[in-house]
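Step one of this worksheet: look at the structure below.
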Amino acid sequence: MNGDTLYSIGELARRTGLTVKTIRFYSDRGIVAPTDRSPAGYRLYDTDAVARLDLVRTLRELGLDLPTIRKVVDREVSLPEVAAAHAEALAVQIRVLRLRRAVLTAVAERGSTPEETELMHRLAKLSEAERRRLTGDFLDAVFGGPDAAPVFAGAMRSMTPELPDNPEPEQVQAWVELAEMSLDPDFRAVLRRMTEHQAAEQARSETTGPRRDIAAVVRDQAGPALAAGIDPASPQADPVVAAFTAHYAHLLARPDDVELRRRLAARLESVNDPRRERYLRLLAVVNGWPAPESLAPALDWSVQALRVRTQQ
């Protein structure tokens, strides 16, 4: 291509694949200025205009605005600097779009009211600092804030959601539902009672240091019996019940009597609140953890077994 060759705007359009109207638009804004004019006053462009137009088209397709493109082609700013800034802006836009998609998907699946939709949208837009404050308020309400027993430090960490910087849509949806739950005063009160019961058991126990939660112990004892199809009311269930009630009696340094078994049944019913399990499942999605095993079947079996053996 001859460096002295000049092209009319029509010829330039054929070489670049852009329309005459588009090239004239860029020319009028000084992005690709004409090199000269013909005797009749028509614009003429040199070979550099082809390269500039190719760059302009590429940058426009990548979403850059015209003032920024002009600075790039005029070498007022470097292309790497602009690319980095634009990539960062796109990352923010992508995050916003993911949040919107998550909220709209949740609204469609749950049949949400306008009020619920507004709340979900507000929760989805929370900054990291705002999310931490909401989580902190929730955990303080459940575990007692600054006065929380040291033994609960691990439990607090295990119940803390950590939404990643670039969450998947299902993680955003899980976070929104989890945040809604954490704002529910009744749910907070249920978990607070569970914590108080556990703290009271810890205080009465002769065992020092962290202990396995009684629900996990019962699950381990009752799970095999449940899998084996043993009726909780049958004599075959007696040794299983005796095993976990003996553990609870040792934990509280109390005799394994009817009163203790009734207390354990009430304790397990409290732990078996479906909202607790839902929270833990949502937490696993947000944090990218494996889905937790459901305690409900084993706890249902155990409560039934205890109730049958404490009836008067």
Side-chain angles (χ1 to χ4, degrees), residues 138-139 142-143 149 151-152 154-156 158-159 174 177-178 181-182 184 186-205 207 210-285 287 289-312:
F138 169 69
L139 294 177
V142 172
F143 291 100
V151 72
F152 292 130
M156 293 177 70
S158 70
M159 291 184 66
E177 185 178 345
L178 186 149
M181 292 183 69
S182 69
D184 182 354
D186 185 58
F187 179 58
R188 290 187 177 198
V190 166
L191 293 186
R192 179 60 184 166
R193 285 194 295 271
M194 292 183 194
T195 303
E196 289 172 345
H197 290 156
Q198 190 169 348
E201 291 166 2
Q202 178 73 23
R204 296 191 60 175
S205 173
T207 304
R211 298 181 288 102
R212 291 187 68 209
D213 183 83
I214 185 59
V217 174
V218 169
R219 176 205 52 206
D220 292 346
Q221 297 283 353
L226 177 65
I230 295 176
D231 186 337
S234 69
Q236 288 82 0
D238 287 344
V240 180
V241 175
F244 61 68
T245 56
H247 177 91
Y248 196 55
H250 176 72
L251 191 67
L252 300 185
R254 291 185 49 171
D256 181 2
D257 55 16
V258 171
E259 182 181 350
L260 179 129
R261 293 186 174 201
R262 286 175 177 163
R263 175 172 177 170
L264 178 56
R267 178 85 164 86
L268 296 179
E269 283 180 328
S270 173
V271 173
N272 205 22
D273 189 303
R275 290 173 295 182
R276 174 183 179 272
E277 186 163 301
R278 180 61 179 169
Y279 182 94
L280 295 178
R281 289 191 175 276
L282 293 170
L283 181 67
V285 174
N287 289 357
W289 296 342
E293 179 185 356
S294 175
L295 293 177
L299 294 183
D300 287 339
W301 187 97
S302 302
V303 169
Q304 186 177 349
L306 288 166
R307 293 300 185 197
V308 167
R309 287 162 176 79
T310 55
Q311 291 175 350
Q312 289 183 345

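- A243 meets the side chain to side chain contact (heavy atoms under 4.5 Å, CB included) test with Q221; sequence neighbours excluded.
- In summary, of the residues considered (T245, L252, V241, L251), a side-chain contact (heavy atoms from CB on, under 4.5 Å) with L264 occurs for T245 alone.
- For the side-chain contact (heavy atoms from CB on, under 4.5 Å) criterion with F187, the lone passing option out of M181, R278, R192 is M181.
- Side chain of S270 to backbone of A266: no donor-acceptor contact under 3.5 angstrom is found.
- Contacts of A246 classified as side chain to side chain contact (heavy atoms under 4.5 Å, CB included), with partners at least two apart in sequence or in another chain: none.
- Residues that satisfy the salt bridge (charged side-chain N to carboxylate O under 4.0 Å, His left out) test with R309, not counting sequence neighbours, are D238.
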Item to check | Criterion side chain to side chain contact (heavy atoms under 4.5 Å, CB included) on Q198 and I214, from CA distance to verdict | outcome: CA-CA 9 Å; Q198 190 169 348; I214 185 59; over 6 Å; no
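- Annotation: the span from S182 atom OG to L283 atom CG amounts to 11.0 Å, rounded to 0.5 Å.
- Nearest heavy atom pair, residue M159 against residue F143, reads SD-CZ, 3.7 Å.
- Here R261 pairs with D256 under the salt bridge (charged side-chain N to carboxylate O under 4.0 Å, His left out) rule; sequence neighbours left out.
- Between Y248 and V217, every side-chain heavy-atom pair lies at or beyond the 4.5 Å cut-off.
- Residues satisfying the side chain to side chain contact (heavy atoms under 4.5 Å, CB included) test with A233, not counting sequence neighbours, are D231, V308.
- The nearest pair of heavy atoms linking A215 to L268 is CA-CD2, 4.3 Å.
- Between R263 and E259, no side-chain nitrogen of the basic residue sits less than 4.0 Å from a carboxylate oxygen of the acidic one, so the salt-bridge criterion is not met.
- What you find for A284 and A291 is that their closest heavy atoms are CB-CA, 4.3 Å.
- Nearest approach of A237 to P232, heavy atoms of both residues: CB-O, 3.6 Å.
- Exactly one residue among R193, R262, R307 makes a salt bridge (charged side-chain N to carboxylate O under 4.0 Å, His left out) with E269. That residue is R307.
- To the nearest 0.5 angstrom, L306 atom CG is 4.5 Å from F244 atom CZ.
- Here the side chains of W289 and L280 are not in contact, with every heavy-atom distance at 4.5 Å or above.
- Residues V258 and T310 share a closest heavy-atom pair of O-CG2, 3.9 Å.
- Every residue two or more places apart in sequence or in another chain was checked for a side-chain hydrogen bond (donor to acceptor under 3.5 Å, both in side chains) with R281, and none qualifies.
- The closest donor-acceptor contact from the side chain of R188 to the backbone of V142 lies at 3.5 Å or more, if one exists at all.
- In this structure, P239 has no side chain to side chain contact (heavy atoms under 4.5 Å, CB included) partners at least two apart in sequence or on a different chain.
- With sequence neighbours left out, the side-chain hydrogen bond (donor to acceptor under 3.5 Å, both in side chains) criterion links Y279 to no other residue.
- The shortest non-hydrogen separation linking V271 to R276 is O-CD, 3.4 Å.
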For residues 294-305, which side-chain donor-acceptor pairs fall under 3.5 Å, sequence neighbours excluded?
unit_1	atom_1	unit_2	atom_2	d
S294	OG	E277	OE1	3.1
S294	OG	E277	OE2	2.9
S294	OG	A296	N	3.3
D300	OD1	N272	ND2	2.7
W301	NE1	I230	O	2.8
S302	OG	A298	O	2.8

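- Looking at residues two or more places apart in sequence or on another chain, you find a side-chain hydrogen bond (donor to acceptor under 3.5 Å, both in side chains) between S234 and Q236.
- Applying the salt bridge (charged side-chain N to carboxylate O under 4.0 Å, His left out) criterion to R275, with sequence neighbours excluded, gives D186, D273.
- For D257, the salt bridge (charged side-chain N to carboxylate O under 4.0 Å, His left out) criterion is met by no residue, not counting sequence neighbours.
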